[in-house]
Novice: 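Okay, here's the structure, questions in a sec.
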There are 2 protein chains.
Amino acid sequence: MIRKEHKECMSALLPVRDTLDVIGGKWKILILISVWEGNKHFREIARSIPKLSTKVLSKELKDMEMNHLITRTVLNGFPVRTEYKPTEYSKSLEKVILELHQWGLNHRKKIFTD
Amino acid sequence: MIRKEHKECMSALLPVRDTLDVIGGKWKILILISVWEGNKHFREIARSIPKLSTKVLSKELKDMEMNHLITRTVLNGFPVRTEYKPTEYSKSLEKVILELHQWGLNHRKKIFTD
DNA sequence: GTAACTGGTTACCAAAAGTAAACTGATTAC
DNA sequence: GTAATCAGTTTACTTTTGGTAACCAGTTAC
């Protein structure tokens with residue numbers, strides 16, 4: 001008997017993975033929203049997100065800077081302060097996040113009424 | 001000096017988290033696409049996704065069944081075969097995935113041309 | 001001088017996720 | 001009887017991710 005052909009898929013999935021890498025994980029979207037809402041300084045962002053440690057925040061901010069979602073500026077002056085700001089580019093994620101949000105809302109209904 | 005107010009955000013983010021739980025991780029979208037493409041049986045799905053172990057596949061399929069993305073039917077007959085099929089509901093993820101895909105494509109351009 | 005703030009780093013841990021391979025028990029093909 | 005298929009489960013291990021808490025240097029407020 002001839003083995004039934006199976007279909008190899010997995011083409012063009014890298015972009016989806018890329019996006020999930022950028023916004024996935026436990027904290028990235030929370031941090032992004034915090035910065036969107038106007039929190040600018042390291043400790044300010046940290047305080048705005050309960051349970052987020054400075055270690056993790058530090059790492060996530062670096063990732064997000066690399067991905068052009070935020071900018072980091074050190075203001076010289078005393079005391080030295082660091083300012084994190086969302087980029088224009090980061091706004092392009094709004095649509096994606098909205099989509100995730102809406103699907104999630106609907107899914108909750110689906111799961112609980114069913 | 002009065003501490004500057006920081007803004008508490010983090011409202012209404014659970015739905016986003018829910019969605020990321022359902023489609024996040026390394027394998028779920030790949031498995032979904034495999035099933036969408038017509039792969040129906042356990043080994044068939046496993047073979048269609050290189051590097052995916054049967055242990056992980058087994059667990060992911062259970063999760064996905066719980067989230068109503070696929071159905072699992074055991075066909076009685078010899079040999080016993082199991083059939084996994086995508087649900088109509090699973091189609092509602094297409095838009096979300098498309099959005100993730102497009103943002104990811106654009107992001108690659110951004111990162112490499114910049 | 002002491003406590004509390006600034007922006008982080010370091011070392012150590014725990015939990016989750018993933019990997020590889022062996023193994024179930026049943027059936028089928030040679 | 002032997003090997004290979006089906007649908008998974010089990011075991012033992014590594015990797016990744018996240019978490020805790022202490023700590024640094026410098027500044028400010030009392």
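Values in this document were obtained by computation on a predicted structure and should not be read as measured data.
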Novice: Any idea which heavy atoms bring B/I23 and B/I29 closest together, and the distance?
Specialist: O-CG1, 3.5 Å
Novice: Is any NZ, NE, NH1 or NH2 atom of the basic residue among A/K28 and A/E60 found under 4.0 Å from an Asp or Glu carboxylate oxygen of the other?
Specialist: yes
Novice: For B/L57 and D/dC6, what is the distance between atoms CG and P respectively, to the nearest whole Å?
Specialist: 13 Å
Novice: Can you work out whether A/V80 or A/W27 has the more 5'-proximal nearest nucleotide on DNA chain D?
Specialist: A/W27
Novice: Look at the side-chain N and O atoms of A/R81 and state whether any lies under 4.0 Å from the OP1 or OP2 oxygen of C/dG8.
Specialist: no
Novice: At under 4.0 Å between heavy atoms, how does the protein contact nucleotides 10-15 of chain C? Give one character per nucleotide, 5' to 3', with B, S or -.
Specialist: BBB---
Novice: Give a yes/no on whether any side-chain N or O of A/K59 is located under 4.0 angstrom from OP1 or OP2 of C/dT9.
Specialist: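 Result: no.
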Novice: Please tell me if B/T82 has a side-chain N or O lying less than 4.0 Å from either OP1 or OP2 of D/dC6.
Specialist: no
Novice: If I take atom CD in residue B/E60 and atom C1' in nucleotide D/dA7, what distance separates them, rounded to the nearest angstrom?
Specialist: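 Computing the B/E60:CD to D/dA7:C1' distance gives 17 Å.
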Novice: Please report the interatomic distance CG(B/L32) to CE(B/M64), rounded to the nearest 0.5 Å.
Specialist: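 One finds 4.5 Å between CG of B/L32 and CE of B/M64.
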Novice: Decide yes or no, distance alone: a donor-acceptor N/O pair under 3.5 angstrom between the base of C/dG8 and the side-chain of A/R43.
Specialist: yes
Novice: Can you tell me how far P of D/dG8 sits from CD1 of B/I45, to the nearest Å?
Specialist: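 Rounded to whole Å, this separation is 9 Å.
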Novice: For a quick test of reading the model: is some side-chain N or O of B/S53 closer than 4.0 Å to OP1 or OP2 of C/dA21?
Specialist: no
Novice: Over how many whole Å does the gap from A/R17 atom CZ to C/dG18 atom C1' extend?
Specialist: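 Rounded to the whole Å, the gap is 13 Å.
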Novice: Just to confirm, is there a sub-4.0 Å distance from OP1 or OP2 of D/dT9 to any side-chain nitrogen or oxygen of B/S58?
Specialist: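 Indeed, a polar side-chain atom of B/S58 lies that close.
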Novice: Does a donor on one side chain sit under 3.5 Å from an acceptor on the other, for B/T71 and B/T87?
Specialist: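 Result is no, nothing qualifies.
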Novice: Round to the nearest Å and state the distance from B/E44 atom CD to D/dG8 atom C1'.
Specialist: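 In whole Å, D/dG8 C1' and B/E44 CD are 16 Å from each other.
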Novice: How many whole angstroms separate atom CD of A/E65 from atom C1' of C/dG7?
Specialist: 14 Å
Novice: Quick check: closest heavy atoms across B/S90 and B/L69, and the distance to 0.1 Å?
Specialist: CB-O, 3.3 Å
Novice: Over the length of the helix from C/dG1-D/dC30 to C/dC30-D/dG1, how much do the five-pair end axes diverge, rounded to 10 degrees?
Specialist: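 Axis angle across the helix from C/dG1-D/dC30 to C/dC30-D/dG1, nearest 10°: 10°.
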Novice: Partners of A/E83 by salt bridge (charged side-chain N to carboxylate O under 4.0 Å, His left out), sequence neighbours excluded?
Specialist: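 Partners of A/E83 by the salt bridge (charged side-chain N to carboxylate O under 4.0 Å, His left out) criterion, ordered by chain and then number, come out as A/K85.
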Novice: Clusters formed by hydrophobic residues whose side-chain heavy atoms approach within less than 4.5 Å: which one holds A/L105, and what are its other members?
Specialist: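 Besides A/L105, the cluster holds no residue at all.
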Novice: Distance check needed: D/dG18 C1' versus A/L61 CG, whole Å only.
Specialist: 16 Å
Novice: When you look at NZ of A/K95, are more than 12 heavy atoms from neighbouring residues, nucleotides or ligands closer to it than 6.0 Å?
Specialist: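 Not more than 12 within 6.0 Å, no.
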Novice: B/I111: which residues meet the side-chain contact (heavy atoms from CB on, under 4.5 Å) condition with it, sequence neighbours left out?
Specialist: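 For B/I111 the side-chain contact (heavy atoms from CB on, under 4.5 Å) partners, ignoring immediate neighbours, are A/N67, A/H68, B/H107.
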Novice: With a 4.0 Å limit, can you tell me whether B/K62 has a side-chain N or O closer than that to the phosphate oxygens OP1/OP2 of D/dT9?
Specialist: yes
Novice: Taking only the side-chain nitrogens and oxygens of B/H41, find out if one of them lies under 4.0 Å from OP1 or OP2 of D/dA7.
Specialist: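 For D/dA7, OP1 or OP2 has a side-chain N or O of B/H41 closer than 4.0 Å.
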Novice: Provide, to the nearest angstrom, the distance between the CG atom belonging to B/L52 and the P atom belonging to C/dA20.
Specialist: 11 Å
Novice: Can you pull the salt bridge (charged side-chain N to carboxylate O under 4.0 Å, His left out) pairs that have at least one residue in residues 14-26 of chain B, sequence neighbours excluded?
Specialist: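 Every salt bridge (charged side-chain N to carboxylate O under 4.0 Å, His left out) pair that includes a residue of residues 14-26 of chain B, provided the two are not neighbours, is A/R108-B/D18.
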